[in-house]
Visitor: 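Take this structure, written in structure tokens, and hold onto it; I'll ask about it next.
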There are 2 protein chains.
Amino acid sequence: MSHTLGDPAPTPGARQAQKLRTRQALLDAALRLLAEQSLSSLGLREVTRAVGVAPTAFYRHFRDIADLGVALVEEALGSLHTTLVATLAATGEGDGEERIAAAVELIVAYVRAYPAHARFIAREQHGGVRRVREAIGAQLALFAREVAAQFAKEPEAVGWSEDDLLMLARMYVDHMVMTASALLETDDAGPVTDTARRQLRLVSLGRRHWLDAPPPADR
Amino acid sequence: MSHTLGDPAPTPGARQAQKLRTRQALLDAALRLLAEQSLSSLGLREVTRAVGVAPTAFYRHFRDIADLGVALVEEALGSLHTTLVATLAATGEGDGEERIAAAVELIVAYVRAYPAHARFIAREQHGGVRRVREAIGAQLALFAREVAAQFAKEPEAVGWSEDDLLMLARMYVDHMVMTASALLETDDAGPVTDTARRQLRLVSLGRRHWLDAPPPADR
DNA sequence: AAACTCGGAGAACAGTTGTTAACTGCATGG
DNA sequence: CCATGCAGTTAACAACTGTTCTCCGAGTTT
């Protein structure tokens, strides 16, 4: 306790560390409170009370509740982002059943590991706080672009327009969020994952036959 | 006016008519206020103030805000339900491009006609008020069952299990809600409807080739 | 060792909230 | 035609909200 060596943050010190700790405590408390309400009804005092700090301390970390919400979006989708990219690369080139299983397992594992984060994203994606909605929308759009970029590298993508690839990717991303929400509402994950897999199979099947018939006259 | 027989509302009542008028005013005001917040942050006094009625008058119509929310679900999805059934029957047996166009047009028209209702459903589907979430979930499940029942009547459905038909129907219903939400966030409906059509085309394509290959080992 | 930063506390503010109780007046049913 | 029912009002309640201003004390810098 008394030695001065081996601080993870060299110069900045113990001061900033404590600030980050309370900031994280605020985020955690907010996330916990959001299990049973929406962000737009979450009170600043409610959060600080749960942490055990004075209401005014909130302003040292966030301008308002919407600001805290945006931070939560980054926390929730940041971790998912890395694992998503990893899974994408790991199952790369793989097209069929194994990739579907991996995709569904990714989202099942995420919901099981971070249910509060998953609930927050599903809830606030269409929620009442504009800035948070936009932050989530931007992140999911980024996800879709990355999935589309991965698809573009695969042999199945020859003949596909960039726009169609993005459309396909958005389908996967949106389905991911839907599945997460469905998982949160049930206590038996079995049927939900089963349905999710079959739906992905359906889309994958449509993907394989996308170029069979010409586009419908216009375009 | 004077006979005592079988009226669903026995008393014709100018009295009850006025009650329904204020009840509707409460629903309308709530829906308007929900454009920029979630139901869980909507205040009882806020609603009554917007209508121009005393706060306590609220209790004559609803037990609490959640109760009003459930009523809004019925109002929003009741009207959609009838037009959905009508469209389903009208485009019955039709499978391809024309049905896709009709489905997308249905949801575009609905969002344009009742944007506040559409926003409410999209927002509260995963929102912070349990009872409302459940009401929406039940309604959408009903929609899915009806779509599945229609599919079952069509020649393309031979060889499909009931479960797979429901899975397909849920895909369409969920996509409907997603499209509605996307339409609400943009001011140029063009690209959104275009993407929605292509996504439906993809699913429809997958549907046509569903029975090409056998299910993946299990089942 | 003194000067300075700055995360947090404390108190006070004007408003707001949901809910209760008792009341009023009018349409209704006997 | 009178008595009842009941939609809506008024008043009051304790509790809560976001935000401001002032202050403290410990970490940091010089």
Side-chain angles (χ1 to χ4, degrees), chain A residues 1-5 7-30 33-34 36-69 71 128-129 131-132, chain B residues 1-30 33-34 36-69 71 128-129 131:
Chain A
M1 295 301 186
S2 56
H3 65 89
T4 56
L5 268 187
D7 274 352
T11 24
R15 192 80 220 96
Q16 205 164 11
Q18 172 62 17
K19 173 163 186 181
L20 285 183
R21 279 178 74 210
T22 43
R23 183 191 139 103
Q24 191 58 45
L26 288 170
L27 290 172
D28 293 348
L33 291 167
L34 285 174
E36 288 168 1
Q37 61 182 316
S38 309
L39 187 69
S40 81
S41 70
L42 183 66
L44 168 160
R45 293 182 102 106
E46 203 178 348
V47 178
T48 57
R49 191 187 316 132
V51 173
V53 302
T56 52
F58 183 90
Y59 294 105
R60 301 291 181 190
H61 304 273
F62 308 102
R63 201 186 307 271
D64 49 28
I65 285 288
D67 202 30
L68 179 145
V129 182
R131 287 171 52 205
V132 172
Chain B
M1 297 298 190
S2 55
H3 65 89
T4 55
L5 273 184
D7 272 354
T11 44
R15 191 79 224 98
Q16 206 164 12
Q18 172 62 15
K19 174 164 185 179
L20 286 182
R21 278 178 76 208
T22 44
R23 183 191 139 103
Q24 190 58 44
L26 288 170
L27 290 171
D28 293 349
L33 291 167
L34 285 172
E36 287 168 1
Q37 60 181 319
S38 310
L39 188 68
S40 80
S41 69
L42 184 66
L44 168 162
R45 295 184 100 106
E46 203 178 350
V47 178
T48 56
R49 191 187 316 131
V51 172
V53 78
T56 51
F58 183 90
Y59 295 105
R60 301 290 180 191
H61 304 274
F62 308 102
R63 199 187 307 269
D64 49 28
I65 284 288
D67 202 30
L68 179 145
V129 182
R131 286 172 51 203

Visitor: Going from CG on A/L34 to CG on A/L42, what distance comes out if it is rounded to the nearest 0.5 angstrom?
Guide: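 Interatomic distance, A/L34 CG to A/L42 CG, rounded to 0.5 Å: 5.0 Å.
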
Visitor: Does any residue of residues 17-30 of chain A have a heavy atom under 4.0 Å from DNA chain D, and if so, which ones, in number order?
Guide: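 Those residues: none at all.
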
Visitor: Can you tell me how far P of D/dG18 sits from CD1 of A/I65, to the nearest Å?
Guide: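 Going from CD1 in A/I65 over to P in D/dG18 covers 7 Å.
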
Visitor: Return the residues of residues 38-47 of chain B meeting this criterion: a heavy atom under 4.0 Å from some atom of DNA chain D. Order them by number, or give none.
Guide: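 Hits under 4.0 Å, by residue number: B/R45.
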
Visitor: Take the protein atom CD of B/Q37 and the nucleotide atom P of C/dT16, then report the distance between them rounded to whole Å.
Guide: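 Distance, rounded to whole Å: 14 Å.
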
Visitor: When you look at A/Q18 and A/T22, which way does the side chain to side chain contact (heavy atoms under 4.5 Å, CB included) test go after all the steps?
Guide: CA-CA 6 Å; A/Q18 172 62 17; A/T22 43; 3.8 Å; yes

Visitor: Taking only heavy atoms on the protein side, list every residue of residues 54-63 of chain B lying under 4.0 Å from any atom of DNA chain C, sorted numerically.
Guide: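 Result for residues 54-63 of chain B: B/T56, B/Y59, sorted by number.
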
Visitor: So how far is it from B/F58 CZ to B/R45 CZ, rounded to the nearest 0.5 Å?
Guide: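 Going from CZ on B/F58 over to CZ on B/R45, the span is 12.5 Å.
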
Visitor: With sequence neighbours left out, write down each residue that passes salt bridge (charged side-chain N to carboxylate O under 4.0 Å, His left out) with B/D28, or none if nothing qualifies.
Guide: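 B/D28 satisfies salt bridge (charged side-chain N to carboxylate O under 4.0 Å, His left out) with no residue once adjacent residues are dropped.
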
Visitor: Determine the minimum heavy-atom distance between A/A71 and A/L27, stating which atoms define it.
Guide: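 Closest heavy-atom pair between A/A71 and A/L27: CB-CD2, 4.0 Å.
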
Visitor: What residues, two or more places apart in sequence or in another chain, satisfy side chain to side chain donor-acceptor pair (under 3.5 Å) together with A/Q37?
Guide: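 Scan of A/Q37 (side chain to side chain donor-acceptor pair (under 3.5 Å), adjacent residues dropped) gives A/S41, A/E46.
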
Visitor: Measure across A/A30 and A/L68 and return the closest heavy-atom pair with its distance rounded to 0.1 Å.
Guide: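 Scanning both residues completely, I find the closest heavy atoms to be CB-CD2, 3.6 Å.
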
Visitor: CG of B/L26 to CZ of B/R21: how many Å apart, nearest 0.5 Å?
Guide: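 It is 12.5 Å, given to the nearest 0.5 Å.
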
Visitor: For the residue pair B/L39 and B/G69, what are the closest heavy atoms and their distance?
Guide: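 Heavy atoms only, the tightest pair is CD2-CA, 3.9 Å.
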
Visitor: Write down the distance between CZ (B/R49) and P (C/dG15), rounded to a whole number of angstrom.
Guide: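 After rounding, the gap between these two atoms is 13 Å.
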
Visitor: Is there a side chain to side chain contact (heavy atoms under 4.5 Å, CB included) between A/R131 and A/D67? Walk through the geometry before answering.
Guide: CA-CA 8 Å; A/R131 287 171 52 205; A/D67 202 30; 3.3 Å; yes

Visitor: Check the pair B/L44 / B/D64 against side chain to side chain contact (heavy atoms under 4.5 Å, CB included), numbers first and verdict last.
Guide: CA-CA 8 Å; B/L44 168 162; B/D64 49 28; over 6 Å; no

Visitor: First locate atom NE2 of B/H61, then atom OG1 of B/T48, and finally report the distance between them rounded to the nearest 0.5 Å.
Guide: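 Going from the NE2 atom of B/H61 to the OG1 atom of B/T48 covers 11.0 Å.
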
Visitor: Which dot-bracket string describes DNA chain D (Watson-Crick N1-N3 plus N6-O4 or O6-N4, or G-U N1-O2 and O6-N3, all under 3.5 Å; [ ] crossing; | other strand)?
Guide: ||.|||||||||.|||||||||||||||||

Visitor: Taking A/S40 for its side chain and A/V129 for its backbone only, find out whether a donor-acceptor pair lies under 3.5 Å.
Guide: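 Not at all, since once roles are kept as given, no pair shorter than 3.5 Å links the two residues.
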
